[in-house]
Each structure stands twice: as C-alpha cells, then as structure tokens.
*Asks:* 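Can you read through this structure? Questions will come right after.
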Amino acid sequence: MPPSRLWLQWFERGAAPGLGRREQLCASLRQAMREGDLQLGERLPSSRMLAADLGLSRVTVEAAYGQLEAEGYLSRRIGQGSFVAFARAPEAAPRTPAGARVAHLNMRPPPLSQRGQRIADGGACEDPRRPLPFAAGSPDLRAFPLPLWRQLIKRRLSDAGGRELLGYGEPQGLACLREAIAGYLRQARGLRCSAEQVLVLTSSQQALQLLAGMLLDEGDRVWMEEPGYRGAATAFAAAGARLRPVPVDAHGLCPPERGSEPPPRLIYLTPSHQYPSGVALSLARRQALLELARREGCWLIEDDYDSEFHYEGRPMPALQGLQPEQEPGRVLYLGTFSKALFPSLRLAYLVLPPELVAPLCTARSIQDGHSALLPQAVTADFISQGHFAAHLRLMRQLYRQRREVLMNELQARVGDWLRPQPSPGGLQIAALLPPGEEASWSRRAAGAGLLTPSLSALYRGPARLDGWLLGFAALTPAEIVVAVQALARLQR
Ligand SMILES: Cc1ncc(COP(=O)(O)O)c(C=O)c1O
C-alpha cells in the first residue's frame with residue numbers, strides 16, 4: 001500500500017475550486033487509478049486510516065469509497081477491505097514494481113502553473129555575492145562611509161520617532177524618502193516630478209515585475225533593446241509578453257519603420273547608458289519614441305540604473321523630463337540605490353504618471369507590503385544632509401580612475417584578442433572577443449578564478465557578438481592590474 005504522504009499528494013492534486021472534500025477524494029482516487037498510480041487489485045487503506053492520514057472524517061471517506069464502488073472503480077468485500085477494480089489499457093499502463101512506481105512519483109516535476117513554469121524556465125537573476133574580478137555591476141563597498149551610516153541609524157533610533165520605524169509602513173514609501181528622491185531627480189536628472197509620484201520599492205527587479213504584472217496582458221508586445229538587460233526580459237516573459245528584440249546602434253535603440261509591424265504595448269529602455277553597450281539614446285530617437293508612445297498609447301520604461309556614474313561630463317537629462325507637461329505621462333522612470341549606495345540596502349524607486357500611483361501601490365501592498373522603514377529613513381537623511389552628493393562625487397572619481405586603468409591594461413596586455421569598447425560611464429566595460437571564441441575563453445578564465453560575464457548571453461536573437469562585460473568599480477587599481485595579468489596568462 002503506498003505511504004501516507006502519497007495519499008496526501010494525490011488528495012491535494014484532486015483539489016479544484018468549488019469541489020467538496022468527498023468529490024475531491026473521489027476525483028483524486030480516479031486520477032490515481034487512471035494514471036496507474038493505483039493498480040488493479042491493489043488494496044486501499046481502511047476508511048479509518050485514510051481519514052486519519054488526510055484529516056477527513058471517516059464518514060467522508062466511506063461516502064467516497066461508496067460512490068467509487070457504485071461507479072465501478074472499487075470493489076469492497078466485507079471483512080477484507082476495498083480493492084481497485086479499474087484496469088487501464090495494458091499498453092498505457094506498463095506494470096512496474098511498487099517501489100519503482102514510488103520512485104517515479106517522487107521524481108515528477110513540481111506541479112507549477114503555466115506562469116510558474118515560465119518563470120522557472122526563464123532562469124534566476126542572481127548577482128555576484130563577492131566582488132571577484134571581473135564581476136559586473138558591483139559597486140565598491142570598501143569605500144562606503146560605514147561609520148557615518150552607523151551614526152545616522154543611531155540617531156534615527158534614539159529619536160522620539162524611533163519607535164514609529166518599528167511598525168508597518170505605507171506601501172508607497174516614507175514621505176521623507178520620497179521627497180528626497182524627487183528633489184534629487186529634479187535637480188540631477190531633470191525629471192518633472194513630485195514626491196507623490198514616487199513609489200519606493202526593494203529593487204529594480206521588483207519594479208519590473210510589478211510593471212509587467214500591472215501593465216501587460218498575455219501576448220502583449222514588448223520591445224527590448226538587443227542586446228539588453230536580462231532581468232527586464234525575464235520579468236516581461238514571465239508575464240506572458242511577446243518580446244521583440246530591437247537592435248541598438250550608435251544612437252541607441254533603432255525602432256522599426258513606422259507601420260512595418262503592430263505597435264508594442266511597452267518599450268524597455270536604458271537611455272542614458274544602454275545596457276550593455278554603453279551608448280546614449282540620441283535626442284532625435286528620444287523624441288521619436290515619445291511621439292510613438294503618445295500616438296500608440298504605449299508605455300516607455302526608462303531604466304536609469306547607473307546614471308550616477310558618468311565620467312565624461314554629465315549624462316543626458318532623463319527622457320521622463322522631455323515629456324510635454326500638459327500631456328499624460330507615458331514614461332515610467334526607474335532608479336536604484338543598489339549601485340549608488342549598496343545592494344543589500346534593497347531600495348529602488350519608480351516615478352510614475354499620477355494615474356498609475358494608486359493601482360501600483362495596491363499591487364505592491366499585496367506583494368510584500370512595503371520596504372523596511374529604518375533603511376528608508378536613514379537613506380532620506382543621507383540624501384537630504386548632502387552626504388549622497390558627496391559620496392557620488394567621491395565614487396565617480398574612484399571609478400573614473402579604475403576604468404582608465406582597466407582600459408589601459410587591457411589594451412596593453414590583451415588588446416590582440418580582447419577589444420574593450422570605450423564607454424562614457426558605468427561600472428563595467430564591454431570587451432569583444434573574436435567571433436565564436438567566447439565559450440572557450442570563458443572556460444579558461446573560470447579555470448583561473450576570473451568571472452567574465454558573457455556578452456553574447458544578453459542577446460535574444462541569433463545575431464550575437466562574443467565578448468565579456470568586465471566590472472572594474474569594485475577593484476582597486478592594483479587588483480585590476482593583477483586581474484588583467486591573469487587574463488594575459490590565459491593565452492599561454
Ligand atoms: C540595466 C539594469 N537595471 C537594473 C539593475 C539592478 O538593479 P537592482 O539591484 O535594483 O535590481 C541592473 C543591475 O545590474 C541593471 O544592469
């Protein structure tokens with residue numbers, strides 16, 4: 001007789017909306033017999049035992065057994081028990097030893113929904129845990145002003161307001177942080193926004209997931225930059241969207257000819273510093289995309305993930321600020337503190353057109369409620385007291401120098417097989433490898449303890465460039481030199 005936990009699995013498998021427990025049990029036993037999990041002649045547990053295993057009343061189990069007997073699935077013999085009377089067609093039900101059947105059952109994939117399966121198949125979005133050379137996208141945590149952060153935490157907790165930070169908070173985020181973010185974005189990025197339009201979240205990934213769930217229906221078209229950010233592609237694909245990779249050239253995303261195909265519902269962009277190529281979306285393209293969004297009623301996501309780190313002048317002002325004031329907003333602006341402060345802070349933000357604020361706050365409230373209050377309060381203080389601007393100035397200086405060291409070292413030591421692509425900002429450099437050689441070089445690099453994030457993996461279509469995205473920001477100049485020497489040794 002199969003063990004209790006299998007009976008429980010089968011019973012749970014038979015659940016369906018509106019089904020009573022007796023019908024659920026009947027349905028699950030019929031299914032087990034049809035699928036060969038219970039086979040002709042097999043004895044069922046007594047109604048008393050099964051009732052105890054499934055947490056049902058004995059009357060319910062008796063009633064289910066009675067019904068299955070009436071339907072011909074079971075035969076019940078007084079004093080002997082209940083036996084399976086249903087025989088599957090022999091070719092469809094190869095008889096296997098009971099032990100083998102149990103093992104086979106345990107190996108079944110978990111019963112996921114279609115959406116769940118899509119998410120599982122899309123792969124995880126994981127970032128490197130340690131700043132190993134050349135992990136991409138990692139800021140330098142050794143340079144973060146920890147003593148100052150500690151002081152700000154202490155002050156917040158010793159304040160009269162300290163206890164308020166222990167309770168539940170607004171899904172939209174602490175007002176003081178929203179004010180600080182809106183002020184920073186207006187001043188540094190040219191956004192047109194107020195604190196009421198800001199939604200504080202845990203990460204850009206949460207924002208993308210939230211937007212995908214709230215703005216996309218199954219089968220909606222989404223234009224993605226090609227190559228582009230996988231975290232965004234995975235969020236849209238999980239929502240059932242149809243992704244259309246749109247090539248990126250020297251002016252950023254190059255939209256298809258007007259009228260050549262149906263318009264998208266949403267366009268995902270990294271306009272100030274395209275991920276991963278580093279190009280900026282030209283003004284003409286920005287205007288064309290805003291015009292498209294206005295005409296077709298589609299949304300533009302502006303992921304401004306690393307605009308804080310531009311080393312040659314200031315980045316172009318945000319696309320969001322280019323929208324005419326009197327028109328309804330089509331741009332959903334996304335920013336994160338993962339790079340500008342530190343990733344475990346788990347704070348990012350969306351700036352939304354006013355009509356989207358309430359529905360997205362509701363959606364957020366049913367996801368995870370809100371972001372932790374103490375880090376929100378401390379981040380607000382860090383910004384409003386001027387430490388954020390000072391920290392960014394310092395980090396820009398450090399990173400600019402590191403980027404230069406990496407460019408020079410790469411050109412001098414491995415320039416014959418690895419071609420770094422100049423870029424005005426960011427925490428990593430894209431470098432091209434000879435066509436078809438990425439996999440073999442990556443294997444050799446991994447053998448030498450180097451992380452070399454793949455460039456070709458960021459393409460969805462068949463035309464791909466081979467190369468790596470080499471992170472430099474978390475490494476000191478001396479560490480960069482050592483790491484490039486290790487790259488150079490791979491040639492031998
Ligand atoms: C384009 C882009 N957007 C967003 C993020 C991640 O931000 P978060 O850590 O807030 O999810 C990254 C991280 O590398 C990125 O490259």
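Each residue takes its place number in the sequence, starting with 1. Order of appearance sets the numbers: ligands from 1, and atoms from 1 within every ligand.
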*Asks:* Could you tell me how the ring of Phe144 sits relative to the ring of Trp149: parallel (under 30°), tilted (30 to 60°) or perpendicular (over 60°)?
*Replies:* perpendicular
*Asks:* With only distance considered, is Ser338 within less than 3.5 Å of ligand 1 through an N or O on each side?
*Replies:* yes
*Asks:* As an exercise, identify every atom of ligand 1 less than 4.0 angstrom from a heavy atom of Tyr268.
*Replies:* 1 (C)
*Asks:* For ligand 1, which part of Gln428 has a heavy atom less than 4.0 Å away: the side chain, the backbone, both, or neither?
*Replies:* neither
*Asks:* Provide, to 0.1 Å, the distance between atom 5 (C) of ligand 1 and the closest protein heavy atom, together with that atom's residue and name.
*Replies:* Tyr229 OH, 3.3 Å
*Asks:* Would you say the side chains of Ser307 and His273 form a donor-acceptor pair under 3.5 Å?
*Replies:* no
*Asks:* Taking only heavy atoms of Asp303, which atoms of ligand 1 are found under 4.0 Å from at least one of them?
*Replies:* 1 (C), 2 (C), 3 (N), 4 (C)
*Asks:* What is the closest protein heavy atom to atom 7 (O) of ligand 1, and at what distance does it sit?
*Replies:* Ser204 OG, 3.1 Å
*Asks:* Kindly say whether Leu290 contributes a backbone atom to a donor-acceptor pair with the side chain of Arg330 at under 3.5 angstrom?
*Replies:* no
*Asks:* Salt-bridged, Asp368 to Arg346, with N to O below 4.0 Å?
*Replies:* no
*Asks:* If you measure every N/O of Tyr275 against every N/O of ligand 1, is any gap under 3.5 Å?
*Replies:* no
*Asks:* Does Arg346 come within less than 4.0 Å of ligand 1, judged by its heavy atoms?
*Replies:* yes
*Asks:* Under a 3.5 Å cutoff, is there a donor and acceptor pairing between the side chains of Ser277 and Gln421?
*Replies:* no
*Asks:* Going by the side-chain hydrogen bond (donor to acceptor under 3.5 Å, both in side chains) test, which pairs reach into residues 190-200, not counting sequence neighbours?
*Replies:* Ser194-Glu196
*Asks:* Can you tell me which portion of Tyr349 lies within the under-4.0 Å heavy-atom range of ligand 1? Options are side chain, backbone, both, or neither.
*Replies:* neither
*Asks:* Does Gly137 come within less than 4.0 Å of ligand 1, judged by its heavy atoms?
*Replies:* no
*Asks:* Give the numbers and elements of all ligand 1 atoms closer than 4.0 Å to a heavy atom of Gln205.
*Replies:* 11 (O)
*Asks:* Does anything in residues 343-367 form a ring pair (Phe, Tyr, Trp, His ring centres under 6.0 Å)? List the pairs, not counting sequence neighbours.
*Replies:* Phe337-Tyr349
*Asks:* Compute the shortest N/O to N/O distance between Ser203 and ligand 1 and return yes if it is under 3.5 Å, no if not.
*Replies:* no
*Asks:* Between Asn408 and Glu404, do the side chains contain an N or O donor and an N or O acceptor separated by less than 3.5 Å?
*Replies:* no
*Asks:* Less than 3.5 Å between some nitrogen or oxygen of Thr336 and one of ligand 1, yes or no?
*Replies:* yes
*Asks:* With side chains defined as the heavy atoms from C-beta onward, is the minimum distance between Trp223 and Pro255 less than 4.5 Å?
*Replies:* yes
*Asks:* Are side-chain N/O atoms of Tyr268 and Asp303 paired as donor and acceptor at under 3.5 Å?
*Replies:* yes
*Asks:* Taking only heavy atoms of Lys339 into account, list the atoms of ligand 1 that are under 4.0 Å away from them.
*Replies:* 13 (C), 14 (O)
*Asks:* Heavy-atom contact under 4.0 Å between Gln206 and ligand 1?
*Replies:* no
